[in-house]
Amino acid sequence: METLIAEDIKCHHCGDTCPDTSIHLEADKFFCCEGCKTVYEILSENGMCSYYDLSKNPGITLKGKNFGSKYAYLSNQEIAQSLLNYASENLNKITFYIPTIHCSSCIWLLENLYKLRKGISVSRVNFMKKELAISFNPTILSLQKVVELLATLGYAPEISLEEYTNKTQEKTSYSIFLKMGIVGFCTGNIMLLSFPEYFGLDDVMESGHKQYFTWLNVVLSLPVFFYGASGYFISAWQSLREKVINLDVPISIGITALFGRSLYETLSGVGPGYWDSLAGLIFFLLIGKWLQNKTYENLSFERKYTSYFPLAATILKNGQEESIPVSQLKTGDTLIIRNRELIPADSLLVSTTAQIDYSFVTGEAEPVEKKASDYIYAGGRQVGTNIELTVQKPVSQSYLTQLWNNEAFAKEKTTPVTKLAANFARYFTYITLSIAILAAIFWFFVDKSLMWNAFTAVLIVACPCALSLSMPFTMENTMRIFGKNGVYVKNPGVIQHLATIRHMVFDKTGTLTQNKEAGVSFVGNPLTAEEKQAIPSLTAHSTHPLSRKISKYLSENTALEPSIFQEKTGKGIEGVINGQIIRLGSASFVPIPEKDKAVGVSRVYVAVNGVYKGYFQFDVRYRQGLQQVLEKLKSTYKLSLLSGDHPVDVPLLQPLFGNSNLHFEQSPSDKLRYIAQLQAKGEKVLMAGDGLNDAGALKQSDVGLVLTEDVHAFFPACDVLMDAKQFSRLPDFIRFSQTSVNIVKVSFLLSLVYNFIGISLAVSGSLSPVFAAIFMPLSSMSVVGFAVGVSSLYARFRKL
Amino acid sequence: MSVILVLVTLSMIVAGSFLGAFIWAMKSGQYEDTYSPSVRMLFEDKKEESSHKQV
């Protein structure tokens with residue numbers, strides 16, 4: 001019942017589905033974001049037209065929020081300078097990444113910032129990238145104030161260490177689109193101007209027209225050849241300099257032959273040339289290249305710890321708090337970590353207790369309790385009051401972050417079929433070149449006038465255009481079908497890796513288990529209706545994750561107000577409601593009978609008026625259909641489990657993975673090493689994980705797969721991002737990738753058949769422009785059509 | 001028939017100017033964000049002086 005309510009909440013202003021019920025006005029008006037709420041407030045207080053008159057209502061939006069010193073680090077000059085795009089005496093420009101931007105109200109509010117605060121001159125939203133570019137006057141408004149203003153409005157920007165260390169922002173490259181536009185324009189016109197040629201209208205046309213058309217074609221072909229095809233020439237040249245031959249070499253030879261032959265024919269007046277074939281060929285090749293480099297721009301697959309580590313840390317220096325960039329943290333510094341802040345470096349706890357939430361690192365939702373002088377690894381978050389720590393290792397040398405120093409992070413993964421294509425290209429080039437030379441030698445002795453014709457004709461026809469197109473088109477189509485099913489791959493090359501996988505390695509927590517939906521059950525004397533109301537009213541006051549789960553389990557029934565409430569960190573909560581004293585918490589906090597004591601499971605015990613009632617048990621819930629999926633995979637692949645946890649659920653997991661492949665208590669580096677060991681044995685490994693502790697293994701593996709419940713949430717660097725709901729279909733996806741690779745191979749063969757037919761005609765020395773104009777695009781398009789058609793059909797057949 | 005030469009030349013110039021427009025649009029970043037301009041054009045940018053209290 002409770003899920004029904006949660007799913008049906010629509011934003012009162014824009015109608016989007018609300019992520020939760022946290023933003024609301026009165027009792028029944030819920031909003032999807034602060035922007036919508038603000039707009040609605042202005043609207044309802046001042047009537048319709050004031051929607052656009054924000055400056056009259058500044059009080060509404062700027063209800064003071066106190067951020068304390070949360071953003072104090074922005075007043076550090078060094079940090080501020082590193083973040084700004086442009087800085088002068090009275091103009092600063094900065095671009096923020098604001099993940100909460102999602103609707104038109106957001107754009108409206110953020111672009112009207114200049115009305116809210118003096119000093120801001122322009123603010124512009126890039127909706128696709130969820131970025132906000134702000135220009136402001138630093139003499140009126142400091143950077144800290146700008147960020148605090150944004151945070152007040154509910155649009156806290158994400159400022160991470162990454163922006164600090166790596167300021168070179170990559171701009172989207174549009175050169176491929178420019179090329180496609182220009183080449184497309186030229187191709188269309190060349191084809192139109194070649195129409196008289198196609199239809200043999202020579203008699204109707206006056207001779208001057210024909211020449212005019214041909215020369216127009218030459219002019220239009222110049223940008224096609226010199227600009228559109230330049231990428232191929234450069235790539236071919238580079239590969240030749242490295243003494244390898246890639247597929248771009250025969251393509252470049254073919255294009256150059258086509259251009260040279262056409263130019264010769266046009267200049268000497270022998271014929272009209274093959275300008276249309278040339279332009280069409282290059283246009284198709286560019287489309288192929290565009291598809292080949294297609295990626296999901298809005299999903300970032302390249303993430304290091306720096307993309308979620310904070311930029312600055314607060315340290316205690318001579319009794320004073322001071323913000324410094326985390327990269328300057330030194331051993332021995334005293335760190336101050338506030339509620340929900342991340343611990344950036346391995347440290348020793350100075351405060352008496354701390355609750356550290358490692359969910360980012362391990363996927364484990366329950367915070368871990370630490371005591372004074374405990375060693376705390378970087379990557380955890382403190383839950384609760386401020387704590388003090390002594391830094392033991394600088395950030396880059398910490399337990400988690402040193403993983404990124406491993407050489408696995410320095411090298412790029414190579415695509416296996418590129419290797420195959422490279423081998424193929426070498427033989428292909430040698431063979432076509434020798435056929436062309438043999439044909440030329442043959443005609444040299446038989447009929448000298450046909451020598452050059454035959455030589456160039458072979459080179460033109462043998463241009464492996466169809467071959468180079470079949471791969472990007474098939475892979476892009478596969479990628480698209482995957483995307484439709486909630487599986488996002490980093491680039492088309494990943495599909496080829498996926499097809500070669502022999503060994504699968506799984507992380508346990510968060511990958512095989514579900515993070516959010518740990519099952520809650522109550523064991524003991526049944527709770528009375530009154531208690532069912534009192535307990536959630538009490539837990540609603542606590543931020544502890546287990547309290548949240550109990551609240552949810554008991555339908556968020558928070559009508560009652562406790563007269564007394566207190567939370568004992570690391571123990572539990574206690575409160576008085578309707579005269580009843582209710583205690584919830586650990587075994588040391590609630591007196592419990594011996595039989596209910598348990599190790600290795602998380603329980604919250606309940607006592608009412610000092611009488612023990614029972615306990616809430618939180619079970620780890622495995623993903624739906626886990627057993628069937630693993631059984632299915634087991635028949636084809638080797639499976640392993642790498643868990644950072646203590647050995648649990650061995651009886652369940654052992655039959656699935658086998659005894660020797662179950663590994664518990666693995667550190668992030670252990671996981672990486674395990675994958676490397678498998679690879680050293682020659683195995684192709686897929687690693688499925690979810691947290692930063694899997695980052696090394698994900699990087700080292702041939703395919704790193706991340707399961708996530710929300711594709712826009714944080715995930716470590718990987719090759720494949722998979723919607724957790726699709727987990728049960730993992731075998732289908734792998735099978736599909738194998739099919740795709742096979743389709744590519746078949747279409748390679750098909751294009752070879754075309755080449756064979758073309759070459760056997762070309763060696764005879766007769767290659768009419770019309771034949772070339774029809775044959776070459778037709779061969780390319782039929783190969784592409786075959787590849788895309790078959791893969792789409794297969795997908796439909798497999799219900800993907 | 002020679003009118004066709006004039007027509008072809010003219011059509012090339014017209015088509016070429018559209019190509020120019022495309023290149024300009026591409027370079028000036030109009031394809032970078034295809035959503036917010038559609039919303040932005042609906043925002044009113046009147047100054048504070050005007051009164052909006054009629055409704």
Side-chain angles (χ1 to χ4, degrees), chain A residues 42-43 46-56 101-112 114-115 124-133 171-172 174-186 188-189 192-193 196 204-206 208-209 211-213 216 219-220 223 297, chain B:
Chain A
I42 297 170
L43 214 66
N46 299 283
M48 253 334 194
C49 288
S50 305
Y51 183 1
Y52 301 108
D53 203 359
L54 192 60
S55 54
K56 285 196 176 160
I101 296 177
H102 79 288
C103 69
S104 53
S105 302
C106 303
I107 301 177
W108 178 74
L109 189 66
L110 290 174
E111 298 211 338
N112 279 301
Y114 69 96
K115 291 182 181 168
R124 273 257 158 163
V125 172
N126 184 327
F127 189 78
M128 296 298 167
K129 291 183 179 163
K130 295 184 190 288
E131 279 178 355
L132 177 72
K171 264 209 127 181
T172 326
Y174 286 113
S175 100
I176 186 77
F177 296 107
L178 270 183
K179 276 183 181 166
M180 277 166 68
I182 291 167
V183 173
F185 164 83
C186 294
N189 280 300
L192 218 55
L193 292 169
V204 199
M205 302 263 290
E206 287 161 37
H209 290 171
Q211 232 174 357
Y212 178 71
F213 280 22
L216 259 184
V219 173
L220 286 170
E297 276 170 31
Chain B
M1 270 302 267
S2 62
V3 70
I4 209 162
L5 297 186
V6 181
L7 286 176
V8 165
T9 315
L10 275 178
S11 77
M12 293 294 288
I13 292 169
V14 172
S17 61
F18 278 107
L19 178 69
F22 165 75
I23 294 170
W24 167 74
M26 188 109 248
K27 291 214 159 160
S28 67
Q30 291 188 27
Y31 291 92
E32 269 180 44
D33 183 357
T34 46
Y35 178 76
S36 39
S38 69
V39 182
R40 192 176 292 133
M41 66 177 277
L42 298 173
F43 300 158
E44 230 168 313
D45 30 39
K46 280 189 186 147
K47 294 280 167 266
E48 294 90 79
E49 294 87 64
S50 54
S51 151
H52 293 297
K53 283 282 175 188
Q54 303 99 314
V55 184

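Please read all numbers here as calculations on a predicted model, not as lab measurements. Within every chain, numbering begins at 1; the chains are lettered A, B, ... in the order of the sequence lines, protein sequences first and strands thereafter.
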[atom1]/[X] to [atom2]/[Y] distance, rounded to the nearest 0.5 angstrom?
X        : Y        : atom1 : atom2 : value
A:Leu178 : B:Leu19  : CG    : CG    : 9.0 Å
A:Leu216 : A:Leu192 : CG    : CG    : 11.0 Å
B:Met12  : B:Leu7   : CE    : CG    : 13.5 Å

Residue A:Asn189 versus chain B: region with a heavy atom under 4.5 Å: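 The side chain, not the backbone.
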With side-chain hydrogen bond (donor to acceptor under 3.5 Å, both in side chains) as the rule and sequence neighbours excluded, what pairs involving residues 3-12 of chain B come up?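 Applying side-chain hydrogen bond (donor to acceptor under 3.5 Å, both in side chains) to every pair that reaches into residues 3-12 of chain B, excluding sequence neighbours, yields A:Tyr212-B:Thr9.
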By a 4.5 Å heavy-atom criterion (distance strictly below it), what part of B:Ile23 contacts chain A: side chain, backbone, both, or neither?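 Its backbone and side chain both get close to chain A.
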With a 4.5 angstrom heavy-atom cut-off, which part of B:Phe22 approaches chain A: side chain, backbone, both or neither?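 For B:Phe22, the contact with chain A is made by the side chain alone.
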